[in-house]
*Asks:* 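Take this structure, written in structure tokens, and hold onto it; I'll ask about it next.
Order of listing sets the numbers, starting from 1, for every ligand and every atom in it. Worth saying up front: this structure is predicted, and the values here are computed from it rather than measured.
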Amino acid sequence: MPNKGAPLGPLHILLVEDSPEDAELLCDQMLEAGLQAGFERVDNEAAMRAALAAKVPDIVLSDLSMPGFSGYQALRILRELHPQLPFIFVSGTMGEDTAVQALREGANDYIIKHQPARLPSAVARAVREARGEHERQRVADELMRAQRLESLALLAAGLSHDLRNILQPLLIVPDLIRDRSDDPKVTRLADVVAESARRGHEMVESMLSFVRGSRRPSERIVLPRLFQAVGLLLKGSLPRNVALQLEAGDERLVVEANYTELQQVLINLALNAIQAMPEGGQLRLLAERADGERLRIRVQDDGIGMDRATQERLFSPFFTTKDSGTGLGLVSCRRIVESLGGEIVVRSQPGQGSCFDLLLPLQAAAADGAADEVAMLPAGQGQRILVVDDEATRLSLLGDALSSQGYRPSVALDGAAALRLVQESGLPDAVLVDGGIPLLSAGQLLAEMQGLGYAGPAIVLEADDGPAFADGPAPAGLQVHVLPKPLEMQRVLRAVADALAAA
Ligand code: ADP
Ligand code: MG
């Protein structure tokens, strides 16, 4: 196989190449290396568009120059139609300048023809990366959908409260009427009203308890920690042309709130900001001390901005200017912020971007030696962390989280690949390994590494279907931490930091 990891299945490869002989040579190279693939060759724009419309390939390989057509044109066409599909330049000659330009224009890789060794593995890697990215996007979308549902729940909660107040007189008045009148017709009407009011009240109560069920208690939230989580969540939805700037202040910025809710407020505001910058721009999240005992969290964009009419209706339920908007994001933001005793201040002008300020009561910072929960995670110092997990999405999220925390992760999908990594690039500072990895078990991998001189900490994720060490006890002499599932990123990062500190 040209690459390690799960099989790719049969690939459909589109070749942009004017020479049938060269194309055949490329196909042979890939088939001989064990790639399963079908090929289609085109050498002009019309044919390329037709081919893309007929069947979306897994990857496009393109020559640099052809009579009447160029690789750069092919790349632009592909990016316009399928921005995420991998594209590799394959050229007879390629100077360093051309190569750099190719990558800058958005190609995933470039290969010199007649260097057959690299092509199959480059193709396999590009396809795998694109699929991983696709999977990450799917997870991010899922998350957004969940948060939308949560907005709805919040709206229902608000409605229920209001309805309960409205229904209150309807529950009391019929009794008063019965006291004051002996007219059987009037008392019957009073009974009808009372019965309807009772049913309405019951519905409101059940709606409220349903919504309350999803609510969690408040806790002390340290702003840098919250920003870190929000940054991680946004990563998946951030278009390439939007730069994210996080200024989280220091760990003395503490607010008392429900973590999920406050996070949702920031995500909602940030998504609005991203949607307001279709041409790209800068999204800025900032936390700082405001006047008095208040904390300011600012979400700012340099997008399309809002006119006065829009600003006036901003917080009305279902007000949206977007085709697929819900008009519920800001409603739920305001409800959450007001439930914390805070307020939202908006400044915006058409064409000048928008700035949403959340002003929240500031809590006294935790005293020294306060609970671990509140303490900020120490940033990594570039320590090398070997991450082994056969679940590709989790692996990629773990890798991202660790590198944004300042570590240098290297990732492997199975025990054997992990061992190869260690043999090739030396021992890591810590190992994070899933209990259910294939080829070599977690225990075997750690024992093998110990044989190579590894004495650092091991963090083992509980297997999906059993104990962390399926085949016997953990290797003696290694410091092993077991983390239960479901995983929480904060707990993982905390475990890594603690393990490194103890080592
Ligand atoms: P939705 O995003 O579903 O439309 P929201 O309640 O989040 O619902 O936002 C309501 C409306 O407020 C948006 O449709 C948009 O017109 C406007 N809006 C919110 N945030 C911004 C922003 N950062 N820039 C420009 N307009 C915004
Ligand atoms: Mg919104």
Side-chain angles (χ1 to χ4, degrees), residues 137 140-159 161-162 211 226-227 229-247 257-258 260-288 296-340 342-360:
Q137 189 60 48
D141 290 348
E142 193 69 23
L143 193 80
M144 291 308 150
R145 203 161 43 232
Q147 299 202 323
R148 237 178 213 188
L149 279 180
E150 211 171 301
S151 314
L152 264 181
L154 278 162
L155 187 74
L159 264 177
H161 277 292
D162 295 347
V211 171
L226 176 67
F227 270 37
V230 169
L232 222 56
L233 287 171
L234 282 177
K235 235 181 171 177
S237 332
L238 212 59
R240 274 195 210 175
N241 55 7
V242 172
L244 174 63
Q245 186 185 343
L246 293 173
E247 298 166 45
N258 176 278
T260 314
E261 285 185 352
L262 191 58
Q263 175 173 295
Q264 188 206 336
V265 170
L266 295 190
I267 298 272
N268 275 340
L269 293 177
L271 286 179
N272 279 346
I274 292 173
Q275 287 157 357
M277 298 187 286
E279 313 287 327
Q282 195 181 51
L283 165 59
R284 181 163 173 245
L285 265 73
L286 162 132
E288 63 185 6
R296 176 185 298 118
I297 303 180
R298 174 169 291 176
V299 181
Q300 192 172 18
D301 64 70
D302 43 20
I304 54 175
M306 295 175 278
D307 58 21
R308 181 168 289 270
T310 302
Q311 288 184 52
E312 273 165 10
R313 304 187 55 199
L314 218 44
F315 295 99
S316 317
F318 305 113
F319 170 73
T320 178
T321 55
K322 300 167 194 169
D323 290 339
S324 61
T326 60
L328 291 174
L330 288 176
V331 184
S332 82
C333 288
R334 186 160 76 173
R335 199 168 284 287
I336 292 168
V337 167
E338 287 183 350
S339 76
L340 299 173
E343 59 173 325
I344 304 184
V345 179
V346 184
R347 276 183 295 131
S348 178
Q349 269 181 30
Q352 309 270 315
S354 307
C355 175
F356 285 75
D357 275 353
L358 314 181
L359 293 164
L360 298 169

*Asks:* At a 4.0 Å cut-off, with the gap strictly under it, does some heavy atom of Gly303 reach an atom of ligand 1?
*Replies:*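 Judged by the 4.0 Å heavy-atom criterion, Gly303 does not count as contacting ligand 1.
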*Asks:* Could you report the tightest heavy-atom contact between Ser348 and Gly353, atom names first, then the distance?
*Replies:* OG-O, 3.1 Å
*Asks:* In this structure, which one of Leu269, Leu358, Leu286 forms a side chain to side chain contact (heavy atoms under 4.5 Å, CB included) with Ile297?
*Replies:* Leu358
*Asks:* Under 4.0 Å from ligand 1, counting heavy atoms only, is it the side chain of Asp301, its backbone, both or neither?
*Replies:* side chain
*Asks:* Looking at Glu261 and Ile336, what are the two nearest heavy atoms and their distance?
*Replies:*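 Minimum heavy-atom contact is O-CD1, 3.8 Å.
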*Asks:* If you count the atoms of ligand 1 from 1 in the order shown, which ones are under 4.0 Å from a heavy atom of Thr326?
*Replies:*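 Those atoms are 3 (O).
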*Asks:* Against heavy atoms of Thr321, which atoms of ligand 1 measure under 4.0 Å?
*Replies:*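 Counting atoms of ligand 1 from 1, those under 4.0 Å from Thr321 are 13 (C), 14 (O), 15 (C), 16 (O).
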*Asks:* Rounded to the nearest 0.5 Å, what separation is found between the CZ atom of Arg334 and the OG atom of Ser316?
*Replies:* 8.0 Å
*Asks:* Is the distance from the Mg ion (ligand 2) to the nearest N/O/S atom of Asn268 under 2.8 Å?
*Replies:*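 False for Asn268.
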*Asks:* As an exercise, identify every atom of ligand 1 less than 4.0 angstrom from a heavy atom of Phe356.
*Replies:*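 That gives atoms 20 (N), 23 (N) of ligand 1.
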*Asks:* Given side chains that start at C-beta, do those of Leu285 and Phe227 come closer than 4.5 Å, heavy atoms only?
*Replies:*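 Yes, side chains in contact.
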*Asks:* Any N/O of Ile304 closer than 3.5 Å to an N/O of ligand 1?
*Replies:*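 No; every N/O pair is 3.5 Å or more apart.
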*Asks:* For Asn268 and Ser332, which heavy atoms make the closest approach, and how far apart are they?
*Replies:* ND2-OG, 3.6 Å
*Asks:* Within a distance under 4.0 Å of any heavy atom of Ala276, pick out the atoms of ligand 1 and give their elements.
*Replies:* 22 (C), 24 (N), 25 (C)
*Asks:* Rounded to the nearest 0.5 Å, what's the gap from CG on Leu283 to CG on Asp302? Could you check?
*Replies:*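 Spacing of CG (Leu283) from CG (Asp302) equals 9.0 Å.
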*Asks:* Go through ligand 1 atom by atom and flag the ones less than 4.0 Å from a non-hydrogen atom of Gly305.
*Replies:* 25 (C)
*Asks:* Which of the atoms in ligand 1, numbered in the order shown and given with their element, are less than 4.0 Å from a heavy-atom of Leu314?
*Replies:* 12 (O), 17 (C)
